[in-house]
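First the proteins, then the strands, lettered A, B, ... as listed; each starts at 1.
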Amino acid sequence: MNENDKTPSHFIRDIIINDIKTGKHAAAITRFPPEPNGYLHIGHAKSICLNFGMAQEFYGRCHLRFDDTNPTKEEMEYVESIMQDVKWLGFDWGEHLYYASDYYDQLYEWAIDLIKQGKAYVDDLSAEQVRQYRGTLTKPGKNSPNRERPVEENLDLFERMRAGKFDEGTHVLRAKIDMASPNLNMRDPVIYRIMKASHHRTGDKWCIYPMYDFTHGLSDALEGITHSLCTLEFEDHRPLYDWFLDELDVPCHPRQIEFAPLNMTYTILSKRKLLLLVKKNLVSGWDDPRMPTISGIRRRGYPPEAIRTFVDRIGVAKREGTVDFSLLEYCVRENLNKIASRVMAVINPVKIIITNYPEEKSEELECVNNPEDPPAGTRMVPFSRELFIERDDFMENPPKKFYRLAPGREVRLRYAYFITCNEVIKDKNTGEITEIFCTYDPATKGGDAPDGRKVKATLHWVSAKHALTAEVRLYDQLFSKEDPNDVEEGKDFLSNLNPNSLQILKECRIEPSLSTTKPGDRFQFERLGYFYTDPDSTAEKPVFNRTATLRDTWAKIQKKTES
RNA sequence: UGGGGCGUCGUCAAGCGGUAAGACACGGGAUUUUGGUUCCCGCAUUCGGGGGUUCGAAUCCUCCCGCCCCAGCCA
């Protein structure tokens, strides 16, 4: 950690520092344990940064372990996307790639051990009966009639479960703990169930699969994890996590520590709901740039560094809250401002003609690539008599605070000349402005007036005959409400979908230097925002995604005067 | 009305008995060939509420209030 980095500490770091100070541990060995049943999202990024971050900071390592104990929900596609996403975020698990399914044999032995100790039993109650026997939040449960089955019988039954002699749902293995515990997790939890499903890694070797609670802590112990970091909802599971480790002969006893999961305004971070958006084709896929998935924000153009900074800034605590989306966007802009090359692109073109500029002439003007990064140099951009500017940069009857182009007004074309608007041509039928006639001042080449006169606005532009055509996809919040789950009676979160979250512009005009852009490039389109070259982009038809707009003071002024 | 957590600025979040950090947002101003960036300035006499302990409390005690999680053979 950089001494100058003022990122405040947090309670988990404090715990680890103390464990090292007291000699309990020499290093922090952590793990990121996703279930491969969906794509990772920004909430997982918090966990990833925390786990890998603590390991890095405290001389240890972080394992990537797939918690794959439910073959009916898990797929290889998810395994692959998760690995790609963790790498993209900038983390490396090295040799330490594991799967809970690697431990099935050991887990099975441990289950037998529990049976032999008289601490687990096979139950043939139906799922419905198990539920009834469990009791309620306020009423204790009742012991299953099978609870006192002899060890030998349990061993035999469990072996037959494994051998596939029973149907799904007919038998389970349960830990014998306490049916009267106020913690429901301790009321003889199921630790193995029969699932006649093929597993994405073990195939048909098993027809019984261990449950999360049984698997997780034991896997941690097997890997020598020191600090097992998870989200708040597992707090109630900690006594059970500890119980298995206490009852079995394990290599070590990791400490589970819970922290608050991430929530963000205008965003949904439930795997189930995200899956629904994909299945209903309400988005183009898991990597739709509007999705809060890692693959979505990658395609949107958010840099991994910005995500890491964001996670640092939100902190780690036990208090559950909702982070302002604007903080994420701030981190994205902050990073992009430093690294993105500036280019000129007109996404909503209107033609201007410089009437006193020679018909056939064109010239190359020098433009700065990134004022925040002088070594990035300059490039030449062609200028000619006919240009395109942004439709929004001209108003025939401008309000007081509008200081862009208007009849009779002089403005600067960035890196080019001062121009003055003389005449507006409109379509006779629609009234739409088709052309704007201007004159330029040759003495202002480069954008400075030798006589020191000022203009109030600088516009971006492209030369009509040199410009390339591109598709630009403008993205906005997927949901129009801060809390997408805040809905009227009888409606669900889908009713809060923002109908204008995607706008596709196919006739955008971009400067010729962009002809060589490749998917993954990041740019700032001057005065518009940050853009990312989409994987759909080709040399013939470039496609850009708007990552974020620039901060727009003018839009704010407009909004204020409206209200 | 069982158990487990959590309540400090609009939002995150420090604070660990010595008199409320920081960031985002918001509002003002300066500089600017991006109404961008950068830079200044403002923004909790008060820590969910009431009692108490103490020279001194956001921090300790106590009662109360509010919010979240748990009754999958999901993770």
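Regarding A:N337, its CG atom lies at a distance of 13 Å from the C1' atom of B:U32, rounded to whole Å. Per the geometry, CZ belonging to A:F234 stands 19 Å off P belonging to B:C68, to the nearest Å. Between A:L137 atom CG and B:G4 atom C1' the separation is 11 Å, expressed in whole Å. In this structure, the CD atom of A:E320 is 10 Å from the P atom of B:A13, given to the nearest Å. If you measure from atom CG of A:N370 to atom P of B:U38, you get 13 Å, rounded to the nearest angstrom. Residue A:R414 contributes atom CZ, which lies 11 Å from atom C1' of B:U37 at whole-angstrom precision.
Across all strands shown, A:K271 has no heavy atoms under 4.0 Å from either base or sugar-phosphate atoms. In this structure, A:Y209 reaches neither bases nor backbone, as no heavy-atom distance under 4.0 Å exists between it and the strands shown.
Both A:L413 and A:T136 sit near RNA chain B, but only A:L413 has its closest nucleotide nearer the 5' end.
Below 30°, between 30° and 60°, or above 60°: for A:F525 and A:F531 the angle between ring planes is below 30°, a parallel geometry.
Between B:G10 and B:C6, the distance separating the two P atoms is 23 Å to the nearest Å. Rounded to whole Å, the C1' atom of B:U8 lies 10 Å from the corresponding atom of B:A14.
Considering only heavy atoms from C-beta on, A:H10 comes within 4.5 Å of A:L50 through its side chain.
Few gaps surround NZ on A:K196; more than 12 heavy atoms of other groups in view lie less than 6.0 Å from it.
Cation-pi geometry between A:R333 and A:Y530 is not met at under 6.0 angstrom from the ring centre and within 45 degrees of the axis.
Centre separation under 5.5 Å together with a plane angle under 30° does not hold for the ring of A:Y212 and the six-membered base ring of B:A75, so they are not marked as stacked.
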